[in-house]
Structure formats: C-alpha cells, structure tokens
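Naming: A, B, ... by sequence-line order, numbering from 1 per chain.
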Protein chains: 2
Amino acid sequence: MTAAANGAGAELHRLVGERLGERDQRYTASRRQIIDAFAVLARPVTLPELLTRAKGLAQSSAYRNLAVLEEAGAVRRLLHGADHAHYELAEDLTEHHHHLICVECGLIRDITLGSTLERSLDNALDGVASAEGFTPTHHAIDIYGRCADCVPGPPA
Amino acid sequence: MTAAANGAGAELHRLVGERLGERDQRYTASRRQIIDAFAVLARPVTLPELLTRAKGLAQSSAYRNLAVLEEAGAVRRLLHGADHAHYELAEDLTEHHHHLICVECGLIRDITLGSTLERSLDNALDGVASAEGFTPTHHAIDIYGRCADCVPGPPA
DNA sequence: TTGCTTGCAAATGATTTGCACTGCT
DNA sequence: AGCAGTGCAAATCATTTGCAAGCAA
C-alpha cells in the first residue's frame, strides 16, 4: 500500500486541519475521508464519485463539508458542462495546474505547463487584464478534446 | 442608430439562418431577437438579461431557442460559478477570444490575446494534451479578477 | 453543557418538458 | 392540412436547508 493509498500525507492533513481551525471548524473523520479521496484519486471528482469513496457519508453532509472545505480554502469547485460539479484540492495544497477535459466522457485530468511558458503566459494575461481595467487574481486554462479511451477507432 | 443597435449585421443573420436551415429549423423572429441581443451587448449574457432585451419572449422559449441555436453551432453556453449560465455567439461567428470574469459582480467580458501569443500557446497546449493521450479540439482561458467597478476603494 | 456535525426529509431554484394553440409553408 | 414554434404550467434534478440527535471539548 502506497503512502497515498494509505491516506493523504500527514502534511496535507496538517494543512487542512490548520485552515479549518482558523475558521473554528473541526477536522472530522468525514472531512478526512473527503480529503483522502482527493489525494488518492488525484483528479477532479464529482460528488457521486466521492460518495463511493467516502462510505457511509450522507450526500447532504458531503455537500456541506465540501462547502466548508471550500470556504476554508482547502477545496476548489469546478464547473463544466457536466451534470455534477467537480471538486479538487485547492491549488496551494497541490500545485498550479490546468485541466484536460474529455468532451466525450467528461473525464477531467490535471496538467501543468512548463514554468517558462506559465510565467510568460502569466505576464501576458496580467497585461491584457490590466489594459481592460481588471485587477487579475488568477487564471484557468481548460483544454477540451477526446481522452485516449474516447478517440474514434482505437482497436486495430 | 448604429448598425449594431439596428440589429446584427445582415451577414450574421445570414450565417445563423444558414446553420439553422441545415438542421431544418426556422430562423424565427424570436431567434432573431436573441441573436440581435448578443450582437448588441457583445458580451456573454445570462438568460434573465436576455429576456429584458427580447421583450415578450417566454422564459421557456428562450431556453428552448438557445438550445436549438447551440445545437446549430450559432451559440455557446458558458458555465461559471454564477447562478445562471451565460450565453454568447459561437466563436466562429465572432472571433477566437477568452474571458475576463469579475469575481465580485460576475460580469464577463471578452478579450483576445495577440495572435503571436495565441499561436505559441496553441502549440504548447496541443503538445501537452497529446503527451497525455488527449486529442485536443479547443481551449478556453478564463482570467478572474475584479472589474473596474469592483476594485476596492475607487472614490477619492 | 455548548455548539459543531450529521443524516434524513423537505425545500429551492435553474432548467426542462408536456400539452394545446398559433402560424408558417 | 401538417408540422415547427410558442406560452403556460408542471416536472426534473443537483444542490441547499430545517430539524432533531450524536459527539467532542
């Protein structure tokens, strides 16, 4: 059993607990289950998917806990065309990344751009935003396409 | 009265009508009103906003028409955190652009990157996607921040 | 105890759909 | 006539919320 499969690293839990503590919220077993699921899956997941991992957790509690975790800055909610929203660990608990979204099956995976590209992109986006009177805080890039399982005619 | 305020350009209407025709759908007055509103506002709008422009159009009809127009490739639906989805003209009826989103008031505006940056970005994104086994079709960049009206401490 | 958490059931609200009617073609 | 389009009212469904009970400090 890998460290990840065993549960998220102690460091991750410490950070999440800290952020919850700052808001007088407890780091309960349910919330740990959720964070563990994110750490194990390592990709944005929907609430139904999350529930299959966090056995025994009520749907409403999952929604409530995700809201608390999002509020505390430990989780981020993503909205794409899918029926359900996707949730993932906050970027500062992982690393700055973007998303690859399969237009066929809805799968979402993380990707990172090279630091060089990311840096020049950052500057460019800041420039454009400022020119429009916006004070930029962050950005997101989504690449849509077909994942390996959904490309037409895979088998020989 | 400008050409835009007078109604979208004849060319735009011709293209939309053509796409609807290909799917055996009519380009009715209601649909024209919707397209006109997009052309005049020139930014992604929510359904409630659209209804204030398309006087007399029933909410359900607006939703249905937008679905038809999206299906025909004339309109694109955007999902962000807001209560309502945003709609805009399809990119190939306007031009490739990205979005500036105000985290405070939800306003969304279009921006374009320089063609040089856009081109190198395109290549880079294609490369990353392919390396992950994805066959990319398109991409979207969202810059979040505060619009001029929402930056803290504006008045002197 | 006090108050954060939780599960269950009921409520909410954007979006969708059933149906009967109007209006092109 | 025949069928796409429309308005109205009712239905859907992800997400949220009220409430009573459980649990940790």
Side-chain angles (χ1 to χ4, degrees), chain A residues 13 16-37 44-88 106 108, chain B residues 13 16-37 44-88 106 108:
Chain A
H13 283 310
V16 174
E18 195 174 279
R19 295 188 188 188
L20 286 171
E22 286 167 9
R23 296 182 174 255
D24 297 305
Q25 307 268 12
R26 300 171 191 163
Y27 196 17
T28 66
S30 300
R31 292 171 186 172
R32 269 170 201 280
Q33 272 186 93
I34 291 174
I35 296 298
D36 274 338
V45 295
T46 61
L47 192 119
E49 285 178 307
L50 197 58
L51 290 179
T52 64
R53 289 270 164 182
K55 300 287 172 60
L57 182 61
Q59 184 196 49
S60 61
S61 297
Y63 274 117
R64 248 186 298 232
N65 283 321
L66 286 168
V68 169
L69 289 166
E70 186 182 13
E71 188 73 25
V75 162
R76 180 156 63 142
R77 195 210 317 217
L78 308 175
L79 295 156
H80 290 103
D83 283 353
H84 295 270
H86 282 76
Y87 297 86
E88 66 177 0
I108 301 182
Chain B
H13 283 310
V16 174
E18 195 175 278
R19 294 189 189 187
L20 285 171
E22 285 167 7
R23 296 181 174 255
D24 296 306
Q25 307 269 9
R26 300 171 192 165
Y27 195 15
T28 65
S30 300
R31 292 172 186 171
R32 268 170 201 279
Q33 274 186 91
I34 292 174
I35 295 298
D36 273 337
V45 296
T46 61
L47 191 119
E49 285 179 306
L50 198 58
L51 291 181
T52 66
R53 289 269 165 183
K55 300 288 172 60
L57 182 61
Q59 184 195 51
S60 62
S61 296
Y63 274 117
R64 247 187 297 232
N65 282 322
L66 285 168
V68 169
L69 288 166
E70 185 181 12
E71 188 72 25
V75 161
R76 180 157 64 142
R77 197 218 304 225
L78 309 174
L79 294 156
H80 290 103
D83 283 353
H84 295 269
H86 283 75
Y87 297 86
E88 65 177 2
I108 302 182

(message) For a quick check, with a 4.0 angstrom heavy-atom cut-off, what is the B/S/- contact string for nucleotides 11-25 of chain C, read 5' to 3'?
(response) ---SBBBB-------
(request) State the CZ-CG distance between B:R31 and B:L66, to the nearest 0.5 angstrom. (result)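 It comes to 10.0 Å.
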(message) To the closest 0.5 Å, what do you measure between OH (B:Y63) and CG (B:L57)?
(response)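 Rounded to the nearest 0.5 Å, the OH-CG separation comes to 12.0 Å.
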Value in whole Å for how far the [atom2] atom of [N] lies from [atom1] of [X]:
X: A:L51; N: C:dG7; atom1: CG; atom2: P; value: 10 Å
X: A:R32; N: C:dT5; atom1: CZ; atom2: P; value: 13 Å
X: B:L57; N: D:dT6; atom1: CG; atom2: P; value: 7 Å
X: B:K55; N: D:dT6; atom1: NZ; atom2: P; value: 18 Å
X: B:Y27; N: D:dT6; atom1: OH; atom2: P; value: 12 Å
X: A:Q33; N: C:dT5; atom1: CD; atom2: P; value: 15 Å
X: B:D24; N: D:dG5; atom1: CG; atom2: C1'; value: 14 Å
X: A:L66; N: D:dA14; atom1: CG; atom2: C1'; value: 13 Å

(request) Could you tell me which non-hydrogen atom of A:L51 sits nearest to which non-hydrogen atom of A:A62, and how far apart they are? (result) CD2-CB, 3.8 Å
Between [X] and [N], is there a contact of a side-chain N or O with OP1 or OP2 at under 4.0 Å?
X: B:S30; N: D:dG5; result: no
X: B:N65; N: D:dG5; result: no
X: B:T28; N: D:dT6; result: yes

(request) Write out all pairs satisfying salt bridge (Lys or Arg N to Asp or Glu O under 4.0 Å) with one or both partners inside residues 47-67 of chain A, taking only residues at least two apart or from two chains. (result)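 Those involving residues 47-67 of chain A are A:R43-A:E49.
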(request) Indicate yes or no: at least one non-hydrogen side-chain atom of A:Q59 is less than 4.5 angstrom from one of A:L47. (result) yes
(message) Is there a side-chain contact between A:I35 and A:L69 in this structure, where contact means two heavy atoms from C-beta onward sitting under 4.5 Å apart?
(response) yes
(request) State the dot-bracket string of DNA chain C. Criteria: Watson-Crick or G-U wobble, both atom distances under 3.5 angstrom; notation: ( ) intrastrand, [ ] crossing earlier pairs, | interstrand, . unpaired. (result) |||||||||||||||||||||||||
(message) Tell me every residue that passes ring pair (Phe, Tyr, Trp, His ring centres under 6.0 Å) with A:Y87, counting only those two or more places apart in sequence or in another chain.
(response)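 None.
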Acceptor/donor pairs from residues 71-84 of chain A side chains to any protein atom, 3.5 angstrom cut, sequence neighbours excluded:
| unit_1 | atom_1 | unit_2 | atom_2 | d |
| --- | --- | --- | --- | --- |
| A:R76 | NE | A:E88 | OE2 | 3.2 |
| A:R76 | NH2 | A:E88 | OE2 | 2.8 |
| A:H80 | NE2 | A:D142 | OD2 | 3.3 |

(request) For A:R26, enumerate each residue passing the side chain to side chain contact (heavy atoms under 4.5 Å, CB included) test, keeping only those at least two apart in sequence or located in another chain. (result)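 Residues passing side chain to side chain contact (heavy atoms under 4.5 Å, CB included) with A:R26: A:T28.
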